[in-house]
Amino acid sequence: MSATIDYGSLMHRAMRGLIREVLMDVQENGLPGNHHFFVTFDTRQSDVNIAGWLRERYPTEMTVVMQHEFENLLVDETGFRVTMSFGDQPEELVIPFDAIRTFVDPSVEFGLRFETPDEDDDEEPTALVADEDDVAEIVETPTGEAEVVSLDSFRK
């Protein structure tokens, strides 16, 4: 038995359970109203399954937007798979819940952020509050990684 309670791990498990429930509901009933998701995940995780050209383009992290053009969403205990269109090319993505770094639904200003193992291990998971301006655009960095950038950073 451990000498301490690992609240961080317990919180991560609970928050990933919340994401699972939300995605299971979307799988069964579709996206309600204006809901949509920005999901950032670690492409280096061994159970992540994406096309080679996507892994090449996003070697460490990728953000996808689940809003209009996704299909075949299948959710299980460990993660989800979904078919998304990239330049009119459908690709199946397999994303384990453990690979998710952020999950944001800007339509209701809700978000979750998970610390990565190389970040401070003592930090607990963080709930984010985001609106449309906070996650306004996904841009590609020079290294080929996707990054969510707030348009406010460019406003004077």
Side-chain angles (χ1 to χ4, degrees), residues 6-27 31 34-86 91-154:
D6 188 355
Y7 286 107
S9 292
L10 293 170
M11 286 288 296
H12 276 215
R13 192 172 331 138
M15 290 176 7
R16 286 189 170 100
L18 180 145
I19 294 169
R20 180 181 172 276
E21 278 190 54
V22 167
L23 291 178
M24 287 190 79
D25 187 60
V26 171
Q27 172 186 298
L31 276 169
N34 292 323
H35 289 277
H36 56 288
F37 313 125
F38 288 79
V39 182
T40 301
F41 61 97
D42 184 344
T43 58
R44 298 169 293 185
Q45 255 204 20
S46 61
D47 292 338
V48 168
N49 189 352
I50 59 176
W53 71 270
L54 284 172
R55 190 174 305 277
E56 215 173 90
R57 188 167 181 183
Y58 304 101
T60 59
E61 192 172 83
M62 182 175 176
T63 299
V64 294
V65 180
M66 296 177 67
Q67 186 170 17
H68 300 297
E69 295 188 28
F70 71 92
E71 55 189 23
N72 304 325
L73 176 62
L74 296 170
V75 183
D76 64 24
E77 292 295 319
T78 61
F80 67 99
R81 66 181 55 230
V82 64
T83 302
M84 301 192 78
S85 183
F86 297 90
E91 293 287 351
E92 183 180 67
L93 310 174
V94 177
I95 305 169
F97 293 122
D98 286 344
I100 295 175
R101 296 295 166 242
T102 62
F103 179 89
V104 177
D105 182 347
S107 71
V108 292
E109 299 182 8
F110 175 80
L112 298 171
R113 179 175 59 116
F114 299 90
E115 302 302 324
T116 59
D118 55 344
E119 291 179 23
D120 186 1
D121 289 337
D122 295 331
E123 269 191 55
E124 292 190 14
T126 307
L128 301 175
V129 177
D131 60 26
E132 290 286 350
D133 291 334
D134 290 334
V135 286
E137 185 175 348
I138 298 175
V139 298
E140 190 175 314
T141 64
T143 62
E145 298 175 22
E147 181 179 341
V148 177
V149 177
S150 169
L151 293 180
D152 287 338
S153 61
F154 299 102

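Scope of the values below: all heavy atoms of this structure, side chains included, with no hydrogens, waters or symmetry mates.
The closest side-chain heavy-atom distance from Val22 to Phe110 is not below 4.5 Å. Contact annotation: the side chain of Glu77 approaches that of Arg20 to within less than 4.5 Å [non-hydrogen atoms, C-beta and beyond]. Inter-residue side-chain proximity for Phe80 and Ile100 is flagged as met; some heavy-atom pair is nearer than 4.5 Å. The closest side-chain heavy-atom distance from Leu54 to Leu93 is below 4.5 Å. Residues Phe97 and Val75 have side chains in contact (heavy-atom distance under 4.5 Å, counting atoms from C-beta outward). Within the 4.5 Å cutoff, no side-chain heavy atoms of Arg55 are placed close to those of Met62.
Atoms NE2 and CG, from His12 and Leu112 in turn, are 10.0 Å apart once rounded to the nearest 0.5 Å. Here Phe103 contributes atom CZ and Leu18 contributes atom CG; the two are 7.5 Å apart, rounded to the nearest 0.5 Å. The CE atom of Met84 sits 10.5 Å away from the CD atom of Glu71 when rounded to the nearest 0.5 Å. Atom CD1 of residue Ile95 and atom CG of residue Asp47 lie 12.5 Å apart, to the nearest 0.5 angstrom. Here the OG1 atom belonging to Thr63 is positioned 9.0 Å from the CZ atom belonging to Phe38, to the nearest 0.5 angstrom. From Phe86, atom CZ reaches atom CZ of Arg57 across 9.5 Å, with rounding to the nearest 0.5 Å.
With Glu91 contributing its side chain and Ala51 its backbone, the two residues share no donor-acceptor pair below 3.5 Å.
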Please assess Ile19 against Phe37 for the test side-chain contact (heavy atoms from CB on, under 4.5 Å), listing each intermediate value before the final yes or no. CA-CA 10 Å; Ile19 294 169; Phe37 313 125; over 6 Å; no
Residues Asn72, Arg81; criterion side-chain contact (heavy atoms from CB on, under 4.5 Å); working and verdict: CA-CA 8 Å; Asn72 304 325; Arg81 66 181 55 230; over 6 Å; no
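Nearest heavy-atom pair, Leu23 versus Leu73, reported as atom, atom and distance to 0.1 Å: O-CD2, 3.7 Å. When every heavy atom of Thr43 is checked against every heavy atom of Glu61, the shortest pair comes out as OG1-N, 3.5 Å. Contact between His35 and Val108 at its shortest, heavy atoms only, is CE1-CG1, 3.5 Å. Closest of all the heavy-atom pairs between Gln45 and Pro96 is OE1-CG, 3.9 Å. The two atoms that bring Leu31 and Gln67 nearest to each other are CD1-O, 3.4 Å, heavy atoms only. Shortest non-hydrogen contact noted between Met15 and Arg113 is CE-O, 4.0 Å.
Within 6.0 Å of CD on Glu21 lie no more than 12 heavy atoms contributed by other residues, nucleotides or ligands.
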